[in-house]
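Here's the structure we're looking at; comments come further down.
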Amino acid sequence: QQQVKQSPQSLIVQKGGISIINCAYENTAFDYFPWYQQFPGKGPALLIAIRPDVSEKKEGRFTISFNKSAKQFSLHIMDSQPGDSATYFCAASSYNFNKFYFGSGTKLNVKP
Amino acid sequence: NAGVTQTPKFRVLKTGQSMTLLCAQDMNHEYMYWYRQDPGMGLRLIHYSVGEGTTAKGEVPDGYNVSRLKKQNFLLGLESAAPSQTSVYFCASSYPTGPGGNNYEQYFGPGTRLTVT
């Protein structure tokens, strides 16, 4: 059973547009929700993360929106740039679990 | 500071052969992980370790073994490789951060691309 469900699988956005990637989870014990960015041939790298005591976190052009009651969270990339073209993974974790569950990934292509 | 390194970068095995993937980190992290990445399936946890001398099973442990004899190294072994183990393998390490120490930023290595024929 997939613990974290991610959509869409792929996304094409024009330069300057907003990219939105969604994730949903079931286990209410999760208390840490990171997003990772992966470029071809590289390992994933932490982009931004949120804990469930806040509904939004913003770092530059990247924002996480978190809806605890719906058990959903999303990544918004404002003013998307060709350099943002990568695969994005959401994940969820709990201190008690000592491990992460990842979504299936979203391949973002930002067209110039 | 090299971060997380993985050896080898690429490997081709025949069915039934064995091999060991090495992960090393120089950040003094307690936690280390092995994942496999397959198209459309994201990252799936194989095994992990919360400290030297301890290991635990993840989501997809069958066909793999691990050892953590030294804090900085985490080895992943395939005793008898199968075509289903063709994948890209990532190692990661982490330490608790944030309030209460319950945020975990994971640092990933560059990956090992393994093909089993």
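In what follows, every chain begins at residue 1, and chains take the letters A, B, ... in the order their sequences are listed.
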Verdict with supporting geometry, A:F30 and A:Y101, ring-ring contact (aromatic ring centres under 6.0 Å, His included) = CA-CA 10 Å; A:F30 290 143; A:Y101 295 91; 5.7 Å; yes
Ring pair (Phe, Tyr, Trp, His ring centres under 6.0 Å) pairs, two or more places apart, involving residues 44-64 of chain A |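 Found none.
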Sort [X] into side chain, backbone, both or neither according to what part of it lies under 4.5 angstrom from a heavy atom of chain A.
X	result
B:Q37	side chain
B:Y107	neither
B:L45	side chain

Please look at A:P34 and chain B and tell me whether the side chain, the backbone, both or neither of the residue comes under 4.5 angstrom of a heavy atom of that chain.
->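 It is neither, since no heavy atom gets under 4.5 Å.
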With only heavy atoms counted, which part of A:Q38 is less than 4.5 Å from chain B, the side chain, the backbone, both or neither?
->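 Contact with chain B is through the side chain of A:Q38 alone.
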If you draw a 6.0 Å radius around NZ in A:K71, do more than 12 non-hydrogen atoms from other residues or ligands fall strictly inside?
->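 Counting other residues, nucleotides and ligands, NZ of A:K71 exceeds 12 neighbours.
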Among pairs that include at least one residue of residues 53-66 of chain A, which meet side-chain hydrogen bond (donor to acceptor under 3.5 Å, both in side chains), considering only residues two or more places apart or in two chains?
->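 Counting only pairs at least two positions apart or across chains, the side-chain hydrogen bond (donor to acceptor under 3.5 Å, both in side chains) contacts touching residues 53-66 of chain A are A:R61-A:D84.
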Should B:K70 and B:E52 count as an ion pair when the cut-off is N to O under 4.0 Å?
->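 Salt bridge: no.
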